[in-house]
Protein chains: 2
Amino acid sequence: MSEALGNLSRKEQVIRKAAELFKEKGYAAASMRDLAQLLGIEAASLYSHIKSKEEILRSLCFDMATEFRKSLDEVEKRNVPASEKLRMGIIGHIQVMAKDLTASAVFMNEHRHLSEPFLRDFLLLRINYINRFKKILEDGVRAGEFKSTIDKKLAVMTLFSSLNWMPMWYDPDSAIDPSALGYQLADMLVNGLKKNP
Amino acid sequence: MSEALGNLSRKEQVIRKAAELFKEKGYAAASMRDLAQLLGIEAASLYSHIKSKEEILRSLCFDMATEFRKSLDEVEKRNVPASEKLRMGIIGHIQVMAKDLTASAVFMNEHRHLSEPFLRDFLLLRINYINRFKKILEDGVRAGEFKSTIDKKLAVMTLFSSLNWMPMWYDPDSAIDPSALGYQLADMLVNGLKKNP
DNA sequence: AGCGTTGCCTAACATTTGTTTGTGTTCAGG
DNA sequence: CCTGAACACAAACAAATGTTAGGCAACGCT
C-alpha cells in the first residue's frame with residue numbers, strides 16, 4: 001500500500017473539489033454526480049477514492065477542527081495579558097481560515113449534516129474551542145482589561161459570528177490581505193468602531 | 001374567495017412549521033414528507049395549501065427582507081449623528097430578528113436555494129440593505145465619529161456577520177432579553193470590548 | 001336541501017439520490 | 001513479461017425526492 005502520496009494526490013483532489021461544491025450548493029444539494037462531473041469522471045468512479053459522501057464531509061470538518069485547536073494551543077502557551085491573547089487568538093483563527101477558505105466555509109455551514117456519532121464529536125470539539133476563548137474573555141474581565149457590563153456569552157458568540165462568516169465574503173484577491181484582515185478584525189472587536197478621543 | 005383569513009390560518013401554519021424544519025435540517029435536506037409528518041398529514045395534502053416547496057422558502061425570505069427594509073426606513077428618517085444611527089439600525093435589525101427567530105435563521109442560511117430569478121431579486125434587496133448601512137458608516141467616518149483606519153467593507157461585513165448569526169445561538173428564554181441584546185451588541189461593535197479608561 | 005370551499009386521503013408518476021458490482025485499461029516495479 | 005495497484009467505466013439497485021390526479025368527507029352559506 002503506497003498510501004503515502006498515491007492516495008493523497010487523487011483522493012485529496014476529490015475532496016478539494018467536493019469542498020468547492022459543498023460550499024457553493026450546500027452539502028445536501030450537492031450530488032455525487034455533480035462532483036463527478038466537476039472532476040470529469042463518472043459518479044461511480046468516485047468510490048475508488050472515497051468510501052462515502054459523508055466521509056468527505058467528515059475529513060473536511062475534522063481536519064479544520066484540528067487546525068483551529070492547534071492554533072489556539074500556541075496562543076495559550078504565551079504569557080501575555082488577556083486582551084493580547086484575545087487578539088492573537090483572533091488573528092490565529094483568521095489565518096487558519098485564510099489557509100483554506102473553502103474548507104472553512106464547509107466547516108461552519110455544513111457540519112450539521114454529519115451523522116451520529118460524528119456530529120456529537122464535532123460539536124464537543126467546537127464547544128471546547130469556544131469555551132477556551134470564553135475563558136480568555138473572563139480572565140480579561142477579572143484583570144480589568146475588558147468591560148464587565150457585557151454578557152459573556154453574547155460577547156463570545158458575537159466574536160465567533162464575525163470570524164466564521166469571513167469565508168463567505170472575503171475575496172483573497174482583494175486589497176486587504178489575510179494578516180491585515182486579522183489585525184483589523186481584532187482591533188474592531190476589541191476597541192470598537194468609535195474613534196478613541 | 002375568502003383568502004383574507006381562510007388561507008392565512010392553515011397556510012401560515014404550514015409555512016411556520018416549514019420554517020422550523022428548514023432551520024433545523026436545512027432546506028435541501030428537509031423533505032415534504034418530513035414536513036407533512038410534523039403537521040400530522042400526508043405529503044400530498046400540503047399542496048392544497050402551497051404551490052411548491054420553493055414557494056414556502058420564497059415567502060419566508062422575502063417577508064423577512066421586507067421587515068428589515070421597513071426597520072431601516074424608520075432609522076434613516078431620524079436626524080441624529082451617524083454613530084447613533086448605526087446603533088439604532090443594529091437594534092432595529094435585532095428586533096426584527098427577535099420577532100421571528102426561526103424565519104430569520106432560514107432567511108440568512110437557506111436563501112441560496114432560491115431559484116432564478118428570485119435569487120437574483122433577493123440578493124439585490126440584500127446588497128441594497130447592506131449598502132445603506134455602509135453609507136451610515138461612511139457618514140460616520142466623514143463626521144469624525146468613526147475611525148478611518150478600518151476597511152469599510154470589512155467593518156460592514158463583520159457587523160452583519162455578528163447580527164446574522166444571532167438566531168443560531170440566541171435562546172429567547174435566556175436571561176438577556178432581545179432589546180437588551182440589541183443594546184449590548186450595538187455597544188460592543190461601536191465601543192469594543194475594552195474598558196474605556 | 002344544495003352548493004362551494006376547505007382539508008385531507010390514496011395511488012401513482014418521473015427523477016434523482018447514494019452506492020455496489022463487475023469489468024476494463026494503463027502503467028510502474030519485480 | 002508478469003503482477004498488482006490505480007483509475008475509470010457501464011449497468012444497475014433500492015430508496016427517497018417533489019409533485020399531480022382524482023376522490024371523499026365535513027363544514028358554513030344561501
Side-chain angles (χ1 to χ4, degrees), chain A residues 1-22 24-61 106 110-116 118-119, chain B residues 1-22 24-61 106 110-116 118-119:
Chain A
M1 283 212 241
S2 68
E3 280 198 9
L5 250 108
N7 259 0
L8 260 178
S9 177
R10 194 55 173 152
K11 181 171 181 177
E12 203 71 15
Q13 217 171 331
V14 169
I15 294 179
R16 277 240 196 278
K17 266 273 178 281
E20 290 174 31
L21 187 65
F22 292 172
E24 196 191 298
K25 309 187 65 169
Y27 177 78
S31 82
M32 296 303 271
R33 283 169 182 83
D34 289 341
L35 176 56
Q37 197 175 4
L38 243 52
L39 289 158
I41 61 178
E42 291 298 313
S45 310
L46 292 168
Y47 291 83
S48 307
H49 308 288
I50 48 120
K51 280 198 270 292
S52 70
K53 185 185 180 186
E54 205 196 315
E55 190 208 37
I56 303 179
L57 183 61
R58 275 203 295 272
S59 71
L60 286 170
C61 288
V106 173
E110 312 299 334
H111 68 258
R112 62 169 152 183
H113 295 108
L114 289 168
S115 66
E116 298 295 355
F118 305 101
L119 180 57
Chain B
M1 281 211 240
S2 67
E3 280 199 10
L5 250 106
N7 258 2
L8 259 177
S9 177
R10 194 57 173 149
K11 182 172 179 175
E12 203 70 17
Q13 218 171 329
V14 169
I15 294 179
R16 277 238 196 278
K17 266 275 178 281
E20 291 175 29
L21 187 64
F22 291 172
E24 196 190 298
K25 308 185 66 169
Y27 176 79
S31 82
M32 295 304 269
R33 283 168 182 85
D34 289 341
L35 176 55
Q37 197 176 4
L38 243 51
L39 289 158
I41 61 177
E42 291 298 312
S45 310
L46 291 168
Y47 291 83
S48 307
H49 308 289
I50 48 120
K51 281 198 269 292
S52 69
K53 185 185 180 186
E54 205 197 315
E55 189 208 37
I56 304 178
L57 184 61
R58 275 203 295 270
S59 70
L60 286 169
C61 288
V106 173
E110 311 299 334
H111 69 257
R112 62 169 153 183
H113 295 108
L114 289 168
S115 66
E116 298 295 355
F118 305 102
L119 181 56

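Each chain gets a letter, A, B and so on, in the order its sequence line appears, and its residues count up from 1. Atoms considered below: every heavy atom in the structure, side chains included; atoms not considered: hydrogens, waters and symmetry mates.
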Inset, instruction - Quickly work out the B:Leu46 CG to C:dT6 C1' distance and round it to whole Å. - result: 15 Å
Legend entry - Whole-Å distance separating the CD1 atom of A:Ile56 from the C1' atom of C:dT19: 13 Å
Inset, instruction - Provide, to the nearest angstrom, the distance between the CD atom belonging to A:Gln37 and the P atom belonging to C:dT16. - result: 12 Å
Inset, instruction - Give me the one residue out of A:Leu60, A:Leu35, A:Ile15 that meets side-chain contact (heavy atoms from CB on, under 4.5 Å) with A:Phe22. - result: A:Leu60
Inset, instruction - For A:Leu57 and A:Glu110, work out which heavy atoms get closest and say how close. - result: CD2-O, 3.7 Å
Legend entry - Gap between atom CG of B:Asp34 and atom CG of B:Leu39 - 0.5 Å precision: 11.0 Å
Inset, instruction - Could you tell me the separation between the NZ atom of B:Lys17 and the CG atom of B:Leu38, rounded to the nearest 0.5 Å? - result: 5.5 Å
Inset, instruction - Quickly work out the A:Glu55 CD to C:dT19 P distance and round it to whole Å. - result: 10 Å
Inset, instruction - Taking the side chain as every heavy atom from C-beta outward, state whether A:Leu119 and A:Glu116 have any pair of such atoms under 4.5 Å apart. - result: yes
Inset, instruction - Could you check how far CD of B:Glu42 sits from C1' of C:dA12, rounded to whole Å? - result: 14 Å
Inset, instruction - Show your reasoning for whether side chain to side chain contact (heavy atoms under 4.5 Å, CB included) applies to B:Arg112 and B:Tyr27. - result: CA-CA 10 Å; B:Arg112 62 169 153 183; B:Tyr27 176 79; over 6 Å; no
Inset, instruction - Check whether any side-chain nitrogen or oxygen of B:His49 sits under 4.0 Å from OP1 or OP2 of C:dG7, and answer yes or no. - result: yes
Inset, instruction - Keeping to residues at least two apart or across chains, list the salt bridge (Lys or Arg N to Asp or Glu O under 4.0 Å) pairs with something in residues 42-56 of chain B. - result: B:Lys11-B:Glu55, B:Lys51-B:Glu55, B:Glu54-B:Arg58
Inset, instruction - Over all heavy atoms of both residues, which pair between A:Ile56 and A:Ala18 is shortest? Give the atoms and the distance, please. - result: CG2-CB, 3.5 Å
Inset, instruction - With pairs defined as Watson-Crick or G-U wobble and both distances under 3.5 angstrom, please note down DNA chain C as a dot-bracket string, | for pairing with another strand. - result: |.|||||||||||||||.||||||||||||
Inset, instruction - Any chance you could list the contact pattern along nucleotides 17-28 of chain D? Use B for base contacts, S for sugar-phosphate-only contacts and - for none, protein heavy atoms under 4.0 Å, 5' to 3'. - result: BBBBB-------
Legend entry - A:Arg10 side chain to A:Gln13 side chain, donor-acceptor N/O pair below 3.5 angstrom: yes
Inset, instruction - Using whole Å, report how far CG of B:Leu39 lies from P of C:dC8. - result: 8 Å
Inset, instruction - Taking only the side-chain heavy atoms of A:Ser48 (C-beta and beyond), determine which of C:dC8, D:dA8, D:dA10 contains the nearest atom. - result: D:dA8
